[in-house]
Amino acid sequence: MLEWFADLVVYRWIGLTKGEHLTEALHFFIYDVLKILLLLTVIIYAVSIVRSFFPPERTKKLLSHKREFVGNIAAALLGVVTPFCSCSAVPMFIGFVESGVPLGVTFSFLISSPMVNEVALVLLFGLFGWKIAGIYMATGLTVAVVGGMLIGRAKMEDQVAEYVYQIKMPEVEIASLTWRQRHDYGVQYTRDILKKIWIYVIAAIAIGGLIHGYAPADFLVRYAGPDNLFAVPLAVLIGIPLYSNAAGIIPIVHVLMEKGVAFGTVLAFMMAVTALSLPEMIILKQVLKPKLIGLFVGIMALTITFVGYLFNAIL
Amino acid sequence: MEIKVLGAGCAKCNQLETLVKQTLQELGKEATVEKVTDFPAIMSFGVMATPALVVDGKVKVSGRLPSAAEVKGFLS
């Protein structure tokens with residue numbers, strides 16, 4: 001159907017002839033934009049319906065008093081499906097700690113939530129295929145589990161601001177939603193996300209298409225190909241101060257991959273940008289002392305670098 | 001009626017505040033609308049995700065922007 005529509009626009013409406021470079025590029029562009037936007041709409045809506053079953057209050061309950069490892073895995077998975085925006089990071093953190101969720105488990109949640117994201121998954125799937133999308137999700141979860149466990153082992157409970165432990169939250173009833181409310185929430189959420197990201201999606205596809213045809217593919221290979229050992233740590237270092245959501249980073253990722261930067265390096269860059277950002281550190285500073293923030297950044301940088309090397313080695 | 005809008009200042013929190021004030025006007029009701037931005041104060045309601053709406057000490061909705069019809073139901 002999409003193929004048919006792209007045909008209609010390119011050959012009939014615009015009247016380009018088949019086989020020419022521009023025609024093919026435009027056809028590819030229209031087809032891909034439609035495919036990915038459609039996929040995004042369906043997936044974001046589906047995810048938001050799942051999310052409506054996991055309000056933070058329930059997630060907190062599920063995680064409290066969970067032991068290490070099982071708790072970290074559960075937290076990483078719940079990080080994917082629990083809805084929260086960055087301005088809720090602090091109250092979520094306080095709520096988790098207050099109800100007895102171990103610090104390391106809380107971190108597994110905080111790491112996986114921005115990193116493993118349905119928008120990133122759809123884009124990676126649409127642009128690079130299911131294998132890369134799957135790898136991204138699996139490594140994102142692994143980094144969240146391992147990172148959270150390491151932070152848990154460091155026994156840094158005294159590096160959390162004192163007032164966090166003094167807050168007592170009342171038990172609230174978790175309101176159950178009607179299907180009508182879930183649907184409304186899903187529609188609203190899908191519309192919000194699409195409004196925010198459509199421009200990045202189109203940019204990613206356009207840039208990809210252009211580079212595909214015109215740019216010299218080996219330009220960056222010399223600097224950031226699999227042979228350069230410093231490429232991965234450098235990518236992580238560059239990624240930390242940059243801030244972007246998963247959708248905003250995909251156009252850049254697309255360019256880097258098309259230009260021949262090794263996949264592990266790109267993956268490390270992407271993870272550093274989404275999971276470690278300066279604004280997030282500033283928000284977390286309200287509840288964490290500098291030593292714990294430092295440890296968090298350090299552990300994340302190390303695990304992400306390791307993931308980068310691993311994939312450069314095996315792919 | 002005592003209304004509190006909980007939120008640290010994200011876009012959705014401000015939208016909720018506007019929506020509440022509009023609805024009050026529509027219903028022709030007088031009520032105090034207080035914006036709560038302080039984390040310990042927000043959490044004293046047991047709320048972790050903002051925006052949230054509290055009417056007469058009861059949390060009506062949290063973590064999402066309710067529809068205009070829902071808000072009308074909460075306030076009337």
Side-chain angles (χ1 to χ4, degrees), chain A residues 48 51-61 63 82-99 101 106 109 113 161-175 177-178 180-189 191-192 195-196 283-284 286-287, chain B residues 1-24 26-27 33-76:
Chain A
S48 67
R51 278 188 179 162
S52 71
F53 288 93
F54 292 93
E57 291 77 15
R58 179 166 294 152
T59 300
K60 180 183 84 169
K61 244 190 201 151
L63 289 178
T82 302
F84 87 96
C85 67
S86 59
C87 55
S88 295
V90 166
M92 295 269 266
F93 179 87
I94 299 174
F96 277 32
V97 171
E98 190 263 353
S99 68
V101 180
T106 305
F109 176 85
S113 193
E162 280 83 15
Y163 80 92
V164 171
Y165 294 114
Q166 280 148 23
I167 291 176
K168 287 274 167 287
M169 284 174 72
E171 199 54 43
V172 283
E173 232 180 280
I174 299 164
L177 298 171
T178 61
R180 171 86 217 170
Q181 282 170 321
R182 289 185 208 284
H183 166 76
D184 287 345
Y185 169 73
V187 170
Q188 189 198 9
Y189 185 78
R191 208 169 31 203
D192 282 357
K195 224 163 51 187
K196 238 191 284 184
I283 291 173
L284 284 178
Q286 297 179 68
V287 278
Chain B
M1 197 159 38
E2 210 184 68
I3 300 165
K4 290 192 168 88
V5 175
L6 318 183
C10 55
K12 285 244 168 87
C13 312
N14 296 333
Q15 278 172 26
L16 180 60
E17 194 185 8
T18 319
L19 184 60
V20 166
K21 284 184 175 159
Q22 273 172 1
T23 313
L24 281 173
E26 256 173 64
L27 295 169
V33 181
E34 192 194 340
K35 185 92 186 284
V36 181
T37 54
D38 179 48
F39 285 125
I42 290 175
M43 307 205 63
S44 70
F45 290 98
V47 162
M48 289 199 295
T50 55
L53 179 65
V54 178
V55 180
D56 287 334
K58 267 201 160 151
V59 179
K60 293 293 185 185
V61 63
S62 79
R64 66 188 175 92
L65 188 65
S67 68
E70 273 181 276
V71 173
K72 212 171 220 169
F74 297 145
L75 299 182
S76 49

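Computed from a predicted structure; not experimentally measured. Note on naming: letters A, B, ... go to the chains in the order of the sequence lines (proteins, then strands), and numbering restarts at 1 for each one.
- Heavy-atom minimum distance, Gly46(B) versus Glu57(A): O-OE2, 4.0 Å.
- In this structure, the separation between CE on Met43(B) and OH on Tyr163(A) is 9.0 Å, given to the nearest 0.5 Å.
- Partners of Lys196(A) according to the salt bridge (Lys or Arg N to Asp or Glu O under 4.0 Å) rule, which considers only residues two or more places apart in sequence or in another chain, do not exist here.
- Most heavy-atom pairs under 4.5 Å with chain B, from the set Lys60(A), Gln188(A), Gln286(A): that is Gln188(A).
- For Lys12(B), the salt bridge (Lys or Arg N to Asp or Glu O under 4.0 Å) partners two or more places apart in sequence, or in a different chain, are Asp192(A).
- With chain B as partner, the option from Ile94(A), Leu177(A), Asp184(A), Thr82(A) having the largest number of non-hydrogen pairs under 4.5 angstrom is Ile94(A).
- Applying the side-chain contact (heavy atoms from CB on, under 4.5 Å) criterion to Lys35(B), with sequence neighbours excluded, gives Val5(B), Cys13(B), Asn14(B), Glu17(B), Thr37(B).
- The greatest number of non-hydrogen atom pairs below 4.5 Å with chain B, out of Pro56(A), Pro170(A), Pro55(A), is found for Pro170(A).
- Applying a 4.5 Å heavy-atom cutoff, the residues of residues 54-70 of chain B that approach chain A are Ser62(B), Arg64(B), Leu65(B), Glu70(B).
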